[in-house]
Amino acid sequence: MLDRIHLLAAVTVLGVLEQAYFFLQVIYARRAFGISPPKISGPPEFERIFRAQVNSSEYFPIFLALLWQAGLFFHQGLAAALGLLYLYTRYCYFMGYRASSSKRLTPIYLSTGVLWILLAASALGILHFFLSHYVELNVLHLLTA
């Protein structure tokens with residue numbers, strides 16, 4: 001069983017570490033700009049860092065669900081590779097947004113594209129499972145026969 005999830009688990013841990021890094025960046029920005037919680041407004045530099053972290057946190061559960069579904073039902077290696085690509089684009093998004101709100105656009109489009117691919121892989125994998133398990137129709141077998 002663990003050989004079917006070890007790559008997914010590794011990408012999940014990297015994702016959690018990335019989220020922790022983003023959280024720390026907000027803490028450092030709060031200290032640098034003298035903004036105590038629960039305040040969320042301040043200089044544009046702080047607000048960009050804060051928004052980048054919040055936006056990344058909002059998408060993280062969606063990413064995790066799609067990563068694991070695609071990995072379990074479609075292909076672990078592909079899902080893990082897409083997961084690494086997603087984490088990289090999210091890092092680029094964070095760093096771009098930190099510098100300028102316009103520099104967040106390309107990475108956010110790329111990360112959203114990765115999520116759509118993970119969604120498609122998840123849906124195809126789950127559909128294949130249902131068809132083969134409940135209807136006894138193995139689409140992959142039909143295509144290769």
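How far CG of Leu67 is from CG of Leu84: 9.0 Å, rounded to the nearest 0.5 Å. With rounding to the nearest 0.5 angstrom, the CG atom of Leu82 is 9.5 Å from the CZ atom of Phe74. Note: Asn55 CG to Ser111 OG = 8.0 Å, rounded to the nearest 0.5 Å. Here Leu127 contributes atom CG and Ser132 contributes atom OG; the two are 9.5 Å apart, rounded to the nearest 0.5 Å. The structure places CD1 of Ile108 at 11.5 Å from SG of Cys92, a figure rounded to the nearest 0.5 Å. Distance check, rounded to the nearest 0.5 Å: CD1 of Ile49 to CD1 of Ile35 gives 9.5 Å.
Clustering ILVMFWY residues whenever any of their side-chain heavy atoms sit less than 4.5 angstrom apart, transitively, puts Tyr28 in a cluster other than the one holding Leu17. The hydrophobic clustering, which links ILVMFWY residues whose side-chain heavy atoms are closer than 4.5 Å, places Leu119 and Phe130 together. Both Leu64 and Val16 are members of a single hydrophobic cluster when ILVMFWY side chains are connected at heavy-atom separations under 4.5 Å. Linking Ile, Leu, Val, Met, Phe, Trp and Tyr residues whenever their side-chain heavy atoms come within less than 4.5 Å places Leu8 and Phe60 in a single cluster. In terms of hydrophobic clustering, with Ile, Leu, Val, Met, Phe, Trp and Tyr side chains grouped at heavy-atom distances under 4.5 Å, Ile126 and Trp116 are assigned to a common cluster.
Within the structure, every pair that satisfies the side-chain hydrogen bond (donor to acceptor under 3.5 Å, both in side chains) test and touches residues 10-24, not counting sequence neighbours, is listed here: Thr12-Trp68, Gln19-Ser57. Applying the side-chain hydrogen bond (donor to acceptor under 3.5 Å, both in side chains) test to pairs two or more places apart or on separate chains, none has a residue in residues 30-52. Residue pairs meeting the ring pair (Phe, Tyr, Trp, His ring centres under 6.0 Å) criterion with at least one partner in residues 77-114, sequence neighbours excluded, are Phe22-Phe94, Phe63-Tyr86, Tyr93-Tyr97.
Atom CG of Leu124 sits in a crowded spot, with more than 12 heavy atoms from other residues, nucleotides or ligands closer than 6.0 Å. Glu136 CD: 12 or fewer foreign heavy atoms inside a 6.0 Å radius.
Taking Gln76 as the reference, nothing meets the side chain to side chain donor-acceptor pair (under 3.5 Å) condition, with sequence neighbours excluded. Every residue two or more places apart in sequence or in another chain was checked for a side chain to side chain donor-acceptor pair (under 3.5 Å) with Gln69, and none qualifies.
Closest non-hydrogen pair, Ala80 versus Leu7, comes out as CB-CB, 3.7 Å. Ala121 approaches Ala70 most closely through the heavy-atom pair CB-CB, 4.0 Å.
Residue Phe23 is found outside any hydrophobic cluster, as its side-chain heavy atoms come under 4.5 Å of no other Ile, Leu, Val, Met, Phe, Trp or Tyr.
In this structure, the side chain of Arg4 engages the main chain of Leu72 through a donor-acceptor pair within 3.5 Å. In terms of modelled atom types and a separation under 3.5 Å, the side chain of His6 and the main chain of Asp3 share a donor-acceptor contact.
The shortest distance between side-chain heavy atoms of Arg98 and Gln25 falls below 4.5 Å.
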